[in-house]
Amino acid sequence: MINMLKKIFLNTKAAIYVLILICLFCIIGAFIVYLNPEGYEKIYLKPLILWLLENKRFDTFWIYISVILFLFVAISTFFCFLNDLKRRRIIIAIMHVSVLFVLLAHLISSLKSFKSTDHLLIQDEINNIFLPNNNIPIKISLKQLNFDSAFKGIPVNIIGRIHIFEGNEIKDVQLKINHPLKIRDYHILLKDITGFIKHININLSSSRGNEIVTLSEKNVYKNKNFSMMFVAANDNFSMVKVEILDNKKNTFQTILKTNSTFSINNENYTVVSISPMIVPAIIVDVIYDPSIYMIFIASSAFTVAIIVQALKRFVFTRKSLSSPSEKDYNS
Amino acid sequence: MEKAFIVIALCFNIYKIFFDTKKFFDFIPFFSLLALKVYNSYRYGHFPVTGLFETLSFLAFSIMLINFFFKETNKKYFFLSNILITIILSFCLMAPTNKSPFTPDALNTFLFPLHVAFSFLSYAFFSLAFIGVLSRCNEDKIFNLNYLGFLTFTIGLWTGGIWAFKAWGAYFLYSIKEIFSFTLWVYYAAIIHLKFIKEREKLLKITTIIGFILVVFTYIGIGIFMKNTHSL
């Protein structure tokens, strides 16, 4: 039985055909992904197996077939690895075992990894990031944001100084693009920077003098004459829609803009200025991939092994890359 | 200014196709492209590998570099590789140059130039393996070129994977370019295994030709004609 299995899985021709079949299905898959980008938009945000269970569509057939073909490749690679050990071909054995570990790591990743995207961290606010596989949220706060303006005002050299709350301990660390942070089993990635409108100050003038009305989505402004609530605003905050409740409990909505007027209980109010209070914020993604180090180590081992094999082949054995001359053929 | 380097390289390369030049002339296109790379590295503050102009000029440079390491006696091989370099440099002349040395934060890592440089070095090896088939070079040489292409492509994918994880949080984003690059790796892994079967000569030639078509489609087809997030 084992001999028969060996015969099947140690057959190089069969392995080559299976690899070419994988290529064929991957090419079909690449075009399917290209033609249906919405369908595959969230494929890397959750474990592949979960994604496949949620997306039971015909156009995912190439993934199932590729997985089955890779299973054949994995078994074949395992037999090759044993064969290499038997023949003491250590470098080739390392290459084969690395491929096995990359496939295994990818399988683990397909079962467990996820990406939680677009978490807004507002400066000086403690943000709790809740994750699907953990009840304890990541407590994190942006303390400072530095960046330079480059070509067409695009921000570069972005550095966020952040505080991470781990029990009673506060870690003060830096977060940059291309430099993810590791917290517990998660990687936190800086994706983008933005501004967060904390509140809007409206300067109102009346016969009683000037007063600053501070509005936000959470706060309701109150004075003796009326209370005011934020409803909406346009993109550049030149117009703000508010809901006003006077002390006779009459409610009405109005749009405020600079120099506009409104009256409540015979008191006339004029809008002197509208100024939004914008605080810096960053957008982060949280990644959970339990097999990322396994993939890194295995792929590094493969790369080093193939370089060593090439050096052995072309440098140490002095086997030239050029075509052999007639003399070489004769010898 | 940058196009002047390409014009010099192109002119001497065309001259090489029609006239059997002395060794001195062989070096002029190579050193012209080397000077372009040094000049742009100085301007940008990093190795220039962004955009069609830089990648095409690097591809032509890589083919010339590889040819320097060959003691190839096959004249047809050199003739065809010079034709290929001329085609690449002609496209390069038409491609727009980068106007600003601006580099966004996501590209500001040593992994990015390594990823692109090794990927294009591998494209150069695969292209020369294809020329090896057309000029009827011996099987060993075609195999070695494919092997070195596979080696450099592996380094390119490895550095690209690490960089993608650090910048975007995933080493594989299921885009058409990434799936094709992975396919290319699996395909050339299959070609490498041809060494272990007996009746390989014809199969090696056919697979090398198909491999070159895949390389051209992955670089030009997807990079230029199809909309995707992965640049070139």
Side-chain angles (χ1 to χ4, degrees), chain A residues 12-13 15-20 22-24 26-27 29-31 33-34 37 40 43-44 73 99 106 113 115 117 147 150-152 154-158 176-180 187 189-191 285-287 289 292 295-296 299-300 302-303 306-307 309-310 313-314 319-325, chain B residues 66 69-74 77 100-106 108-109 111 137-138 140-141 144-145 147-148 150-151 154-155 157-158 161-163 165-180 182-184 186-187 189-191 193-194 196-197 203 207 214 222 226-228:
Chain A
T12 317
K13 241 184 186 177
I16 289 168
Y17 288 133
V18 169
L19 288 173
I20 288 173
I22 290 173
C23 293
L24 195 72
C26 282
I27 289 170
F31 282 106
V33 172
Y34 180 73
Y40 288 84
I43 188 165
Y44 58 89
V73 171
V99 170
H106 203 71
S113 72
K115 190 174 179 184
T117 57
F147 60 89
F151 179 68
K152 288 182 181 171
I154 299 169
V156 288
N157 304 326
I158 305 165
K176 294 182 205 173
I177 285 176
N178 273 331
H179 294 83
H187 284 92
L189 261 100
L190 175 58
K191 197 173 171 184
D285 284 354
V286 182
I287 286 96
D289 193 342
I292 192 68
I295 285 192
F296 174 69
S299 59
S300 304
F302 182 89
T303 311
I306 195 172
I307 293 169
Q309 179 70 8
R313 190 181 168 89
F314 299 115
K319 189 172 181 178
S320 168
L321 274 174
S322 50
S323 335
S325 59
Chain B
I66 296 163
F69 289 95
F70 279 78
K71 282 190 289 174
E72 182 56 60
T73 47
N74 187 335
Y77 171 85
S100 154
F102 163 72
T103 312
D105 272 7
N108 202 358
T109 163
L111 291 167
C137 285
N138 73 73
D140 233 23
K141 185 176 171 179
N144 286 342
L145 284 166
Y147 182 86
L148 288 171
F150 180 68
L151 162 76
T154 303
I155 301 172
L157 282 193
W158 179 60
I162 298 170
W163 170 46
F165 182 78
K166 283 176 159 237
W168 294 282
Y171 53 86
F172 194 71
L173 291 162
Y174 293 88
S175 73
I176 183 165
K177 181 83 175 185
E178 282 158 310
I179 301 174
F180 257 90
F182 171 71
T183 306
L184 211 59
V186 173
Y187 185 81
I191 291 185
H193 284 84
L194 285 177
F196 303 102
I197 60 169
L203 211 56
T207 48
L214 269 177
I222 298 170
M226 294 170 98
K227 206 174 131 190
N228 84 101

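Letters A, B, ... mirror the listed sequences (proteins, then strands); counts begin at 1.
Between B:Phe150 and A:Phe302, the ring planes lie perpendicular to each other; the angle is over 60°, past the 30° to 60° tilted range.
B:Val186 and A:Cys23 make their closest contact through CG1-SG, 3.8 Å (heavy atoms, listed as atom of the first residue, atom of the second, distance). Among all heavy-atom pairs drawn from A:Cys26 and B:Thr183, the shortest one is CB-OG1, 3.2 Å. Closest heavy-atom contact between B:Lys166 and A:Leu189: O-CD2, 3.4 Å. Across every non-hydrogen atom of B:Asp105 and A:Asn157, the tightest pair is OD1-N, 2.8 Å.
Heavy atoms of A:Ser300 lying under 4.5 Å from chain B belong to its backbone as well as its side chain. Within the 4.5 angstrom heavy-atom criterion, atoms from both the backbone and the side chain of B:Ile155 approach chain A. For A:Phe296, the parts lying under 4.5 angstrom from a heavy atom of chain B are both the backbone and the side chain. A:Leu19 touches chain B through backbone and side chain together, each having a heavy atom under 4.5 Å away. Contacts of B:Tyr174 with chain A are made by both backbone and side-chain atoms, with heavy-atom separations under 4.5 Å. For a residue to count as touching a neighbouring chain, one of its non-hydrogen atoms must lie under 4.5 Å from one of that chain's; by this rule B:Leu157 does not touch chain A. Within the 4.5 angstrom heavy-atom criterion, atoms from both the backbone and the side chain of B:Leu151 approach chain A.
Interatomic distance, CG of B:Leu148 versus CD1 of A:Ile306, reported as 9.0 Å (0.5 Å rounding). Separation of atoms CZ (A:Phe31) and CZ (B:Phe180) is listed at 4.0 Å; rounding is to 0.5 Å.
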Residue pair B:Ile222, A:Tyr34: steps toward the side-chain contact (heavy atoms from CB on, under 4.5 Å) verdict: CA-CA 10 Å; B:Ile222 298 170; A:Tyr34 180 73; over 6 Å; no
Residue pair A:His187, B:Phe165: steps toward the ring-ring contact (aromatic ring centres under 6.0 Å, His included) verdict: CA-CA 10 Å; A:His187 284 92; B:Phe165 182 78; 5.2 Å; yes
Verdict with reasoning, B:Phe196 to A:Ile16, per side-chain contact (heavy atoms from CB on, under 4.5 Å): CA-CA 10 Å; B:Phe196 303 102; A:Ile16 289 168; over 6 Å; no
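Without hydrogens or angle criteria, A:Lys115 side chain to B:Trp168 main chain gives a donor-acceptor distance under 3.5 Å.
Contact check for A:Ile177 versus B:Asn108: no side-chain heavy atoms found under the 4.5 Å cut-off. Two residues are said to be in side-chain contact when any heavy atoms from C-beta on lie closer than 4.5 Å; A:Ile22 and B:Tyr187 fail this criterion. Looking at heavy atoms from C-beta onward, A:Val33 lies out of side-chain contact with B:Ile176 at the 4.5 angstrom threshold.
Considering only heavy-atom pairs separated by less than 4.5 Å from chain A, the leading option among B:Pro104, B:Ala189, B:Ala190 is B:Ala190. Most heavy-atom pairs under 4.5 Å with chain B, from the set A:Ile20, A:Leu24, A:Ile43, A:Ile307: that is A:Ile43. Options A:Ile158, A:Leu190, A:Asp285 differ in how many heavy-atom pairs under 4.5 Å they form with chain B, and the most are formed by A:Ile158.
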